[in-house]
Amino acid sequence: MSNAKVVLEPAFQGVGHKPGTEIWRIEDFKPVPLPKSDYGKFYCGDSYIVLQVTTCNKGGAYLLDIHFWIGKDSSQDEAGTAAIKTIELDTMLGGRAVQHREPQGYESDKFLSYFKPCIIPMEGGFASGFKKPEEEKFETRLYICKGKRAIRVKEVPFSRSSLNHDDVFILDTEKKIYQFNGANSNIQERAKALEVIQHLKEKYHDGVCNVAIVDDGKLQAESDSGEFWVLFGGFAPIGKKAVSDDDVVLETTAPKLYSINNGQLKLEDIVLTKSILENTKCFLLDCGAELFVWVGRVTQVEDRKTASAAVEKFIIKENRPKTTRITQVIQGYENHTFKSKFESWPASSTAGNSNTEEGRIKVTALLKQKGVDVKGISKSSAPVNDEVPPLLDGGGKLEVWCINGSAKTALPKEELGKFYSGDCYIVLYTYHSGDKKEEFYLTYWIGKHSVREDQEMVFQIANTLWNSMKGRPVLGRIYQGKEPPQFVALFQPMVILKGGISSGYKKFVEEKGQKDETYCADGIALIRVSGTSVHNNKTLQVDAVSTSLSSTDCFILQSKNVMFTWIGNSSSYEQQQWAGKVAEFLKPGVAVKHCKEGTESSTFWSAIGGKQNYTSKNVSTDVAIREPHLYTFSLRNGKLEVTEVFNFSQDDLLTEDTMILDTHSEVFVWMGQGVETKEKQKAFEIGEKYVEHAVAFEGISPDVPLYKVIEGNEPCFFRTYFSWDSTRSVIHGNSFEKKLSVLFGMRSEGGPKSSGDGGPTQRASALAALSSALNPSSQGKQSDERPPSSGDGGHTQRASAMAALSSSINTSSKSQTQSHSGQGSQRAAAVAALSNVLTAEGSHSPHHGRGSPTADAAKTELAPASPPPEIEPDATETGRTEPDVSQEQTANENGGQTIFSYERLISKSTDPVSGIDYKRRETYLADSEFQTVFGMTKEEFYEQPRWKQELQKKKADLF
């Protein structure tokens, strides 16, 4: 990095030293900070800079992403200013940020993930040359929605010609929000559009507004469909989709690498390897759909600006769309997408930590010069994870089988916990979770010295067992030395012994002419005891020589019929206690001789071949907390390509998909219920391909635990990475039907059903429309001003309502296959809807939301007779979730008090508070006490990913 003087923009003062988001708008060629209340508001005539700071997964520093967003109507000068100021901001932060060019409508998934569920750019702008947008009264708008996870929303002309059969549209009127699903539209895009509806409902309708689903091609005589088409001047066929620039998907091409010297690009026609990239140069990686600019760590600031300008010229010369995304990465901070374009990317932890430390020092020094508090970035050590990870509920049934040839042999109870490194085992744990549901943890363990035949057989038998249990268990593959906490916790103790007892292992040793070192109860064995917690108390047999000893551990020496416990001078009391327990487990009833380091007898030393030097230093282990990553994937020519889902939540687990969750210490292959059975059998094949990929590009261990998880059977140690709502697993259907039920308590009418099978929803909507059509006077009391297109269709509306009611009645009379309970539910729904209509005639409550319907109209919102459990709309997003229990209720039950002490809010309190939402205990803390408990402000806490919030709440006993 150049030592050129950095001119610090006043607007950039003090940023980048804590996790969170900062946004600036370019005004008069200067960055102006936006208030947090305006985050997510983007105007088409402006350009913006967005800085995202997240916790680093190595070295203890922060990861920095800087995005400059270019509105479609912003001037070239302002867009250029945003690009230059982005480079200056990065330089001020130590030159280690990943920079992203974000053209409006073509934003990266990572950028959109900061603003869930979406951003909806508004016309106009605050920048020079544009009139300041004025707040106007409610205006009916039509939007098109694209994207399965990161959704892109664009306003289109409110006209029938905007509709087509291939996309999903949202029509936002003052009284109702409609979702129009094109006949050929993607199910998952339909589901994602529902989140946009929820966003519009909360933002522009004060959370109270009717929602209607209109399915293209479903000619049901329902009021919602009739009302929808009335808004467009009546029903008429819609045309085919017209191809626009938005529909042009750039093809990803084989990557080409260009070196950049003095603004000139030169094609490097060689195999792409990491070693090509020199730290004094800049390079362009052209992947067709996306461009990457790689910047050497010691390049000059001016070289970086020149490289940026050269890439802009390259786009023009190659006739690429001006909306092409460009990502700039700094040496040492390359993202996964960039690294995966190379043949391989050898991991170098030393270099990585050096880069991290170098960047941290530069940032710290610069911020100190500017008077910024650098307390949060002053340490280079990784955060230590002293949390007890989620473990399986106790009290279950544990079964273990050892593989011997093509058979499995059950281990007797007294042998559970003994594993031989030359053997393979199947472990099945059956238990009941907190909600009394029976769950299964099925794994197979592969010893480090087991033979290939046993490894293949253990997988076949475990998979057969999994199939016989209809895929209900989580199925895991575990290698010796990489046992996860939930596995170790099943065995108290867990002891890994030398050798093996399977015939395959015995045959292998004999053929190789090797000495059989299999543990024998009457032989000599030295066993190390290190971890003592329930989840890490793994005990390992080591070579019976004195060099195996360590002052930081305890050891058990078995010498024929004599047992010693050797206590290292730096070992803990818990280790000493645990050593005694392990000795009793190995040889019950045998007297144990205790010897402290330095007091050993000659008998002890002679048993292990005499005294020699051994270590007195603690062996450090990697216990850093690492960020989990969720990926979608595709197989292209047999090669696995993954796409990251940023800021993920439970909503991203779509029932039709297979996903990969990489926590660095474990890899999960999650499969939705909608995945074909044949594909579910390929889970481990997919997982193994991903592990190979991640070993090459992310440096994870090839022996990382690998799990197959089926939707609805997720274990606690998977759910902990999400803000999990278990009620969703009982909701059946595709992604759209599930989301419709979760968000709005509605049942989809667009599924594979006959056109008249409307059920309770059809009756409810018909009665609602009939009431609306026949009682115009009561509607007039609801709103003083209604747009002419908001649904007052006169005769058309009455005809639609009467047709829908007739259809629902005819459906009831024609259907002969419904159960009596189904008929009862329909009648109940019809009576409830009619009751709402009659109630609405007698009373009306005012509403304060702009363009919102009254409470009476809300009563006719589509809902089944017994709606499924609902969740908070934002329960899975980053951000603050308010308690379900109102402040009034809390105050009424606590003498007017709504703020309580930490001691009363913890789950183990001796004086607990009543009348609060126990899932949101932390919200009742005073700001000062919140800071003391969590070490951060409430604002900083709620800016974290939801899974981190949950972990911290557990640690503070506020869960």
Undergrad: Quick check: closest heavy atoms across I120 and C118, and the distance to 0.1 Å?
TA: CG1-SG, 3.9 Å

Undergrad: Counting C-beta onward and ignoring hydrogens, is there a side-chain heavy-atom pair between R152 and L112 closer than 4.5 Å?
TA: yes

Undergrad: Heavy atoms, side chains only, cut-off 4.5 Å: are I144 and V168 in contact?
TA: no

Undergrad: So, taking the atom named CZ in F138 and the one named CD in E174, what distance separates them when rounded to the nearest 0.5 Å?
TA: 6.5 Å

Undergrad: Going by heavy atoms in the side chains, are K116 and S649 under 4.5 Å from each other?
TA: yes

Undergrad: If we count only N and O atoms by modelled type, under 3.5 Å, do the side chains of S108 and E102 hold a donor and an acceptor together?
TA: yes

Undergrad: Less than 6.0 Å separating the ring centroids of F648 and F722?
TA: yes

Undergrad: Looking at every non-hydrogen atom in both residues, tell me the closest pair between Q104 and C44 and how far apart they are.
TA: NE2-SG, 3.4 Å

Undergrad: Report the distance from atom OG of S735 to atom CG of D657, rounding to the nearest 0.5 Å.
TA: 7.0 Å

Undergrad: Ignoring hydrogens and angles, state whether a donor on the side chain of N734 or Q188 is under 3.5 Å from an acceptor on the partner side chain.
TA: no

Undergrad: For N181 and F736, run side chain to side chain contact (heavy atoms under 4.5 Å, CB included): C-alpha distance rounded to whole Å, both residues' side-chain angles, the deciding distance at 0.1 Å, then the answer.
TA: CA-CA 11 Å; N181 296 324; F736 173 67; 3.5 Å; yes

Undergrad: If you compare all heavy atoms of L740 against all heavy atoms of L194, which two are closest, and at what distance to 0.1 Å?
TA: N-CD1, 3.4 Å

Undergrad: Could you tell me if the side chain of V230 sits less than 4.5 Å from the side chain of F235, heavy atoms only?
TA: no

Undergrad: Using a strict 4.0 Å threshold on nitrogen-to-oxygen distance, state whether K738 and E711 make a salt bridge.
TA: yes

Undergrad: Roughly how far apart are L661 CG and T663 OG1, rounded to 0.5 Å?
TA: 6.5 Å

Undergrad: Evaluate the criterion side chain to side chain contact (heavy atoms under 4.5 Å, CB included) for residue pair I660 and F668; output intermediate values, then yes/no.
TA: CA-CA 6 Å; I660 295 171; F668 299 87; over 6 Å; no

Undergrad: Is there a donor-acceptor contact under 3.5 Å linking the side chains of H67 and Y114?
TA: yes

Undergrad: Centroid separation under 6.0 Å, is that true for the rings of F232 and F158?
TA: yes

Undergrad: Would you check, one step at a time, whether the test side chain to side chain contact (heavy atoms under 4.5 Å, CB included) holds for L475 with F684?
TA: CA-CA 10 Å; L475 177 60; F684 275 93; 3.5 Å; yes

Undergrad: Evaluate the ring-ring contact (aromatic ring centres under 6.0 Å, His included) criterion for residues F228 and F180: first the C-alpha distance (whole Å), next the side-chain angles of each, then the deciding distance (0.1 Å), finally the verdict.
TA: CA-CA 9 Å; F228 176 82; F180 176 80; 5.5 Å; yes

Undergrad: Any chance the side chains of D652 and Q650 put a donor and an acceptor closer than 3.5 Å?
TA: no

Undergrad: For K708 versus A683, what's the shortest heavy-atom pair and its separation?
TA: CD-CB, 3.0 Å

Undergrad: The test is side-chain hydrogen bond (donor to acceptor under 3.5 Å, both in side chains); show your working for D216 and H165 and say whether it passes.
TA: CA-CA 7 Å; D216 178 23; H165 301 294; 2.6 Å; yes

Undergrad: Rounded at 0.5 Å granularity, tell me how far CZ in R190 sits from CD in E737.
TA: 9.5 Å

Undergrad: Answer yes or no: is there an ion pair linking E189 with K148, defined by an N-O contact shorter than 4.0 Å?
TA: no

Undergrad: Go through it in stages, so that I can follow the logic: the residues are K682 and E685, the test is salt bridge (Lys or Arg N to Asp or Glu O under 4.0 Å), and I'd like the CA-CA distance, side-chain angles, deciding distance and then a yes or no.
TA: CA-CA 5 Å; K682 298 179 181 178; E685 181 183 337; 6.0 Å; no

Undergrad: Looking at side-chain heavy atoms only, is the closest gap between N713 and P473 below 4.5 Å?
TA: no

Undergrad: Return the CD1 to CZ distance between I710 and R472, rounded to the nearest 0.5 Å.
TA: 13.0 Å

Undergrad: Quick one: closest heavy-atom pair of F646 and D109, and the distance?
TA: CD1-C, 4.0 Å

Undergrad: Determine the sole option in F717, F718, W466 for which the ring-ring contact (aromatic ring centres under 6.0 Å, His included) test with Y707 is passed.
TA: F717

Undergrad: Within a strict 4.5 Å, meaning less than it, do heavy atoms of the V667 and Y690 side chains meet?
TA: yes

Undergrad: Looking only at non-hydrogen atoms, find the nearest pair between V214 and W229 and report the distance.
TA: CG1-NE1, 4.5 Å

Undergrad: Do the side chains of I213 and D224 get nearer than 4.5 Å, heavy atoms only?
TA: no

Undergrad: Hey, are W724 and E714 close enough side-chain-wise for a donor-acceptor pair under 3.5 Å?
TA: no

Undergrad: Is M671 close to I686 at the side-chain level, that is, under 4.5 Å between some pair of heavy atoms?
TA: yes

Undergrad: State which residue, out of R728, R149, K192, fulfils the salt bridge (charged side-chain N to carboxylate O under 4.0 Å, His left out) condition with D651.
TA: R728

Undergrad: Any side-chain to backbone donor/acceptor pair from D206 onto V208? Under 3.5 Å, distance only.
TA: no

Undergrad: Looking at D167 and K241, is there a salt bridge between them, counting it only when a charged N and a carboxylate O are closer than 4.0 Å?
TA: yes

Undergrad: So, Q673 and T655: side-chain donor and acceptor under 3.5 Å apart, yes or no?
TA: no

Undergrad: Yes or no on side chain to side chain contact (heavy atoms under 4.5 Å, CB included) for E155 and L142, after CA distance, side-chain angles and deciding distance?
TA: CA-CA 6 Å; E155 184 177 354; L142 181 65; over 6 Å; no

Undergrad: Please work out which of the three classes, parallel, tilted or perpendicular, describes the rings of F42 and F115, given edges at 30° and 60°.
TA: perpendicular

Undergrad: Compute whether any side-chain donor of one residue and acceptor of the other, for W69 and E107, lie under 3.5 angstrom apart.
TA: yes

Undergrad: How many angstroms lie between atom NZ of K154 and atom NZ of K72, to the nearest 0.5 angstrom?
TA: 8.0 Å

Undergrad: Salt bridge check: are E227 and K176 linked by an N-O gap of less than 4.0 Å?
TA: yes

Undergrad: Does the side chain of N467 come under 3.5 Å of the side chain of Q681 through a donor N or O and an acceptor N or O?
TA: yes

